[in-house]
Protein chains: 2
Amino acid sequence: MPKLGAEPIRRAALVKATIETVGAAGSLDVTVAQIARRAGMSSALAHHYFGSKEQIFLAAMRSILSIYGAEVRGALSTARNPRDRVRAVVMGSFAAGSFRHEAIAAWLNFYVLAQSSAEARRLLHVYQRRMRSNLLYGLRPLVGERAGPVAEGLGALIDGVYIRAALVEGEPDRQAACDLVLAHLEKELECKP
Amino acid sequence: MPKLGAEPIRRAALVKATIETVGAAGSLDVTVAQIARRAGMSSALAHHYFGSKEQIFLAAMRSILSIYGAEVRGALSTARNPRDRVRAVVMGSFAAGSFRHEAIAAWLNFYVLAQSSAEARRLLHVYQRRMRSNLLYGLRPLVGERAGPVAEGLGALIDGVYIRAALVEGEPDRQAACDLVLAHLEKELECKP
DNA sequence: ATGTTTATTGACTCGTCAATCAACAACCGC
DNA sequence: GCGGTTGTTGATTGACGAGTCAATAAACAT
């Protein structure tokens, strides 16, 4: 049974299974055994590779954050001016890899975890800072000193759209979500001072 | 010890203690014993009056929702035109009784609970529908058929500001939060068609 | 006085679950 | 073919926590 070099495969399988299980339950109240079973292994093995339940969750969140980051970077890479840069950050946030039921449920629970786990809070702050600085970089040339508040509003709006999407069953409407935020952005860009 | 007519006092004490305990822990992962202790009684009594842990939480959420509803109604009562009506709904959402650390933490966890508890989901939908209809009522005369999308955006923005406030320690800045949303509203009202 | 209703709790049951461990299985270099 | 490394699990432990229950105590009714 045991083939060598299994560690990365097992870890990946556990991360995937964690996102699926948390997504299906809509809560972090899932057992390591459930996750391990979905990943096709025993719960002892999950502990063997990750050490604790919390570390399994955090690995899953890191995976989600890294997909999200890659999507935003990808969208940014084709942007040639500030306006498109800001739009890219928004559109990256609603790309297919991130704005999915499972990932959204994970996000929501991640917010909750951040209230009690220092490591989760740290991770969340990293994401928020990156998002904020991405937005500011594009916004500054467009709205000058208003960039701060505008970024604030965009970030909050994106977060709000995310958690509202957590409540609909089935996959959320990416197009509609993205358009809503982009429309808000247009309004902000209309007045330049 | 036992004085008659204790039921309503006990229930209220448990609701209060639940909000405090969940607020302090930032999670629904608190024991009935913790809540009961904070409310100055045994866990058996908590079960006696509420039947189950979930019912205790739901009672706490109903209390928060009812305070919120009262605040919005209060703000609405002095509004004399559509514009002030919409502003009242927004400002009611950031009134002192609702936009507090504890209540915000409860909200966040309520969203999570709504993913797995039918009763929590029902309760949440009641609130969302009421908020939406309050907004629409004021928005329709102002922006006509755009009222739907605008209400959508306002609702999402308010939710987003809420969960972001969950992450700051200490009491959140009500003024700033409210201003941010009101500024968004002004922008939406600028173009009337 | 006595029985009924309401209030209250300590002690208990029963299940669950994270984490550990001992043991077993396959592969590797030699 | 042997010792070390890696992979893997069933069984077990130990703790914790929701919910129950029997028992006690005060108030009330008659």
Side-chain angles (χ1 to χ4, degrees), chain A residues 1-22 24-61 106 109-110 112-113 116-120, chain B residues 1-61 109-110 112-113 116-120:
Chain A
M1 284 252 180
K3 46 187 169 187
L4 286 218
E7 175 153 0
I9 289 103
R10 294 300 202 184
R11 290 184 102 100
L14 280 168
V15 161
K16 181 161 177 282
T18 301
I19 296 169
E20 289 170 0
T21 308
V22 170
S27 136
L28 292 187
D29 244 322
V30 296
T31 70
V32 174
Q34 281 174 314
I35 294 170
R37 179 145 33 89
R38 194 185 283 250
M41 72 193 80
S42 74
S43 69
L45 198 53
H47 276 104
H48 174 65
Y49 283 126
F50 283 101
S52 76
K53 187 176 169 177
E54 179 163 351
Q55 286 306 314
I56 301 179
F57 286 138
L58 289 173
M61 247 1 261
N109 282 283
F110 187 48
V112 172
L113 186 63
S116 56
S117 152
E119 196 164 351
Chain B
M1 283 262 173
K3 48 186 167 187
L4 286 215
E7 175 154 0
I9 290 103
R10 294 301 202 183
R11 291 184 101 100
L14 281 167
V15 161
K16 180 160 176 284
T18 302
I19 296 169
E20 289 170 1
T21 309
V22 169
S27 136
L28 292 187
D29 245 320
V30 296
T31 70
V32 174
Q34 281 173 317
I35 294 170
R37 178 147 32 89
R38 193 184 284 250
M41 71 194 81
S42 74
S43 69
L45 198 53
H47 277 104
H48 174 65
Y49 283 126
F50 283 101
S52 76
K53 187 176 169 177
E54 178 163 349
Q55 286 306 314
I56 301 178
F57 286 138
L58 289 174
M61 251 354 266
N109 282 282
F110 187 49
V112 172
L113 186 63
S116 56
S117 152
E119 196 163 351

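Each chain gets a letter, A, B and so on, in the order its sequence line appears, and its residues count up from 1.
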Undergrad: Reading nucleotides 12-24 of chain D 5' to 3', which nucleotides get B (base under 4.0 Å from a protein heavy atom), which S (sugar-phosphate only), which -?
TA: -----SSBBB---

Undergrad: Given 3.5 Å as the limit, does a donor-acceptor pair link the side chain of B:Gln55 with the main chain of B:Ser52, or not?
TA: no

Undergrad: Side chains of A:Val22 and A:Phe57, heavy atoms from C-beta outward: is any pair under 4.5 Å?
TA: yes

Undergrad: Measure from CD on A:Glu7 to C1' on D:dG7 and round the result to the nearest Å.
TA: 10 Å

Undergrad: Could you tell me whether the phosphate oxygens of C:dT6, OP1 or OP2, come under 4.0 Å of any side-chain nitrogen or oxygen in B:Arg10?
TA: no

Undergrad: To the nearest 0.5 Å, what is the distance between CG (A:Leu113) and CE (A:Met61)?
TA: 9.5 Å

Undergrad: Can you tell me the distance, in whole Å, between the CD atom of A:Gln34 and the P atom of C:dT16?
TA: 11 Å

Undergrad: Quick one: A:Leu45 CG to C:dC21 P, roughly how many Å, whole number?
TA: 17 Å

Undergrad: With the side chain of A:Tyr49 defined as its heavy atoms from C-beta on, choose the nearest nucleotide among D:dG7, C:dT9, C:dA7.
TA: D:dG7

Undergrad: Using only atom types and a distance under 3.5 Å, with no angle test, would you say the side chain of A:Lys53 pairs donor to acceptor with the backbone of A:Val30?
TA: yes

Undergrad: For B:Phe50, answer base if it contacts any base atom (sugar-phosphate contacts may also be present), sugar-phosphate if it contacts only those atoms, and nothing otherwise; contact means non-hydrogen atoms under 4.0 Å.
TA: nothing

Undergrad: Do A:Arg38 and A:Thr18 have side chains that get closer than 4.5 Å, going by heavy atoms?
TA: no

Undergrad: Rounded to whole Å, please give me the gap between CD1 in B:Ile9 and P in C:dT6.
TA: 15 Å

Undergrad: Kindly indicate whether the side chain of B:Arg10, heavy atoms from C-beta on, has any atom under 4.5 Å from the side chain of B:Glu7.
TA: no

